[in-house]
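Reckoned from all heavy atoms, side chains included, excluding hydrogens, waters and symmetry mates.
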Amino acid sequence: MLAQRRYELIMQTLRSEGPVSVGVLADRLGVSPATVRRDLTRLERLELLTRVRGGAAARTALEEPFAEVATMGQEARDAVAARAAELVQDGDVLLLDIGTTVHRLAAHLRGRSITVMTANLAVYEELVPDPEIELILLGGVVRRNYRSLVGFLTEDSVRQLRAGRFFMGTSGVSPDGTIVDTTAVEVPVRRAMIASADQVILVADRSKFPGSGYATVCGPEALDTVITNEGADPGTLATLNESGVEVIAV
């Protein structure tokens with residue numbers, strides 16, 4: 001089993017069952033206790049879990065309420081969102097990701113003659129009063145804490161649709177340009193949205209370089225454009241450029 005897949009399964013287990021011993025994780029993954037200990041050390045360094053006697057527990061801070069996340073770094077996030085909105089033209093069909101930066105983007109789209117498809121409940125609430133926007137809310141399981149819809153119903157809905165642009169958020173961008181997330185349940189939905197869009201635009205303020213995350217969403221080859229702030233890690237931005245990604249820094 002690949003290390004990335006082990007990380008995902010470890011975090012899923014810790015979140016669903018609470019603290020779990022090394023022995024139990026080794027049995028679940030079909031690997032040695034030594035391999036599990038190395039994996040736990042790696043995930044602890046990423047600040048995704050806390051080591052406890054004989055095992056580990058997920059850090060509860062990973063699931064910060066949407067309202068709390070939205071209050072941090074507002075100025076940088078809004079600058080990215082405003083620049084992203086400039087790329088939108090009347091008549092566009094858009095997929096809008098979950099997350100706080102994409103929510104700010106939605107606020108800049110009010111009054112535009114466009115179609116918006118989303119699983120972001122905050123985006124839905126932002127745009128539902130606007131009669132100019134054709135608004136499509138995707139189905140799924142409600143994550144109340146983060147104002148989003150996830151699961152196979154969301155994925156199935158996305159696969160039936162086609163968008164000109166997908167504006168995607170992220171928990172972090174690795175130095176090699178890989179887009180990562182801290183919540184595995186969001187990854188399949190994002191991958192489905194990437195596959196359903198003609199153009200993928202990542203909106204990520206400077207704090208997301210590198211940000212955090214253990215679950216791979218996609219590599220830089222899946223991106224067309226990245227919009228971030230001046231001051232984002234120059235090495236990562238150079239790597240994205242070398243991969244053919246247009247980088248816009250505001």
Nearest heavy-atom neighbours spanning Pro220 and Leu240: CB-CD2, 3.9 Å
Heavy-atom donor-acceptor pair, Arg162 side chain to Ala197 backbone, under 3.5 Å: yes
Check: Leu94 main-chain N/O paired with Asp92 side-chain donor or acceptor under 3.5 Å: no
Listed partners of Thr13 passing side chain to side chain donor-acceptor pair (under 3.5 Å), at least two apart: none
Nearest-0.5 Å distance that lies between atom CE in Met117 and atom OG in Ser157: 11.0 Å
Side chain Thr170, main chain Gly172, donor-acceptor under 3.5 Å: yes
Nearest atoms (heavy-atom pairs only) where Leu121 meets Ser148: CD1-N, 4.0 Å
For Arg159, all residues meeting salt bridge (Lys or Arg N to Asp or Glu O under 4.0 Å), sequence neighbours excluded: Glu155, Asp156
Expected output: side-chain Thr118 to main-chain Ile98 donor-acceptor under 3.5 Å: no
Any donor-acceptor pair under 3.5 Å from Asp224 side chain to Val200 backbone: yes
More than 12 heavy atoms from other groups under 6.0 Å of OH on Tyr7: yes
Side chain to side chain contact (heavy atoms under 4.5 Å, CB included) assessment of Arg5 paired with Leu9: CA-CA 6 Å; Arg5 180 56 177 160; Leu9 293 174; 3.5 Å; yes
Closest non-hydrogen atom pair, Val52 against Pro19: CG2-CB, 4.4 Å
Under the side-chain contact (heavy atoms from CB on, under 4.5 Å) test, residues paired with Asp130 that sit two or more places apart: Arg110, Glu132, Ile133
Leu153/Val141 under side chain to side chain contact (heavy atoms under 4.5 Å, CB included): CA gap, chis, key distance, verdict: CA-CA 8 Å; Leu153 292 173; Val141 177; 5.6 Å; no
Close side-chain approach of Glu8 to Val187, heavy-atom, < 4.5 Å: no
Linked, directly or transitively: Ile227 and Leu109 (ILVMFWY side chains, under 4.5 Å): yes
Donor-acceptor under 3.5 Å (Thr101 side chain, Gly169 main chain): no
Contact summary for Thr236 and Asp233, nearest pair of heavy atoms: OG1-OD2, 2.6 Å
Side-chain touch Thr182/Met11, heavy atoms, less than 4.5 angstrom: no
Heavy-atom side-chain contact between Leu202 and Val173 under 4.5 Å: yes
Point-to-point distance, once rounded to the nearest 0.5 Å, from CG of Leu149 to CD of Glu186: 11.5 Å
Non-hydrogen side-chain atoms of Leu40 and Leu25 separated by less than 4.5 Å: yes
Value rounded to 0.5 Å, distance of CG in Asn120 from OG1 in Thr100: 9.0 Å
Nearest-0.5 Å distance that lies between atom OG1 in Thr154 and atom CZ in Arg143: 11.0 Å
Any residue meeting side chain to side chain donor-acceptor pair (under 3.5 Å) with Arg51, in chain and number order, not counting sequence neighbours: Thr41
Check: Val80 and Asn229 side chains under 4.5 Å, non-hydrogen atoms: yes
Approximate separation, where rounding is to 0.5 Å, of Glu126 CD and His108 NE2: 9.5 Å
Whether over 12 other heavy atoms sit under 6.0 Å from Glu125 CD: yes
For Arg112 against Ala85, the heavy-atom pair lying closest together: NH1-O, 3.8 Å
Shared hydrophobic cluster, Val93 / Val158 (ILVMFWY, side-chain heavy atoms < 4.5 Å): yes
Same apolar cluster (I L V M F W Y, side chains within < 4.5 Å links), Phe209/Ile248: no
Salt bridge (Lys or Arg N to Asp or Glu O under 4.0 Å) partners for Arg38, two or more places apart: none
Heavy-atom pair with the smallest gap, counting every atom of Ala106 and Leu96: CB-CD1, 4.3 Å
Flag side-chain contact, heavy atom, 4.5 Å: Leu161 against Ser196: no
Met168 and Ile194, any side-chain heavy atoms less than 4.5 Å apart: yes
Stepwise side chain to side chain contact (heavy atoms under 4.5 Å, CB included) check, Arg165 with Thr225: CA-CA 10 Å; Arg165 294 186 176 95; Thr225 304; over 6 Å; no
Single-linkage hydrophobic cluster Leu105~Phe166, side-chain heavy atoms < 4.5 angstrom: no
Val22 with Val31, same ILVMFWY side-chain cluster at under 4.5 Å: yes
SG on Cys218 to CZ on Arg191, rounded to 0.5 Å: 8.5 Å
Note, Lys208 side chain near Thr228 side chain (heavy atom, < 4.5 Å): no
Salt bridge (Lys or Arg N to Asp or Glu O under 4.0 Å) involving Glu17 - partner list, sequence neighbours excluded: Arg28
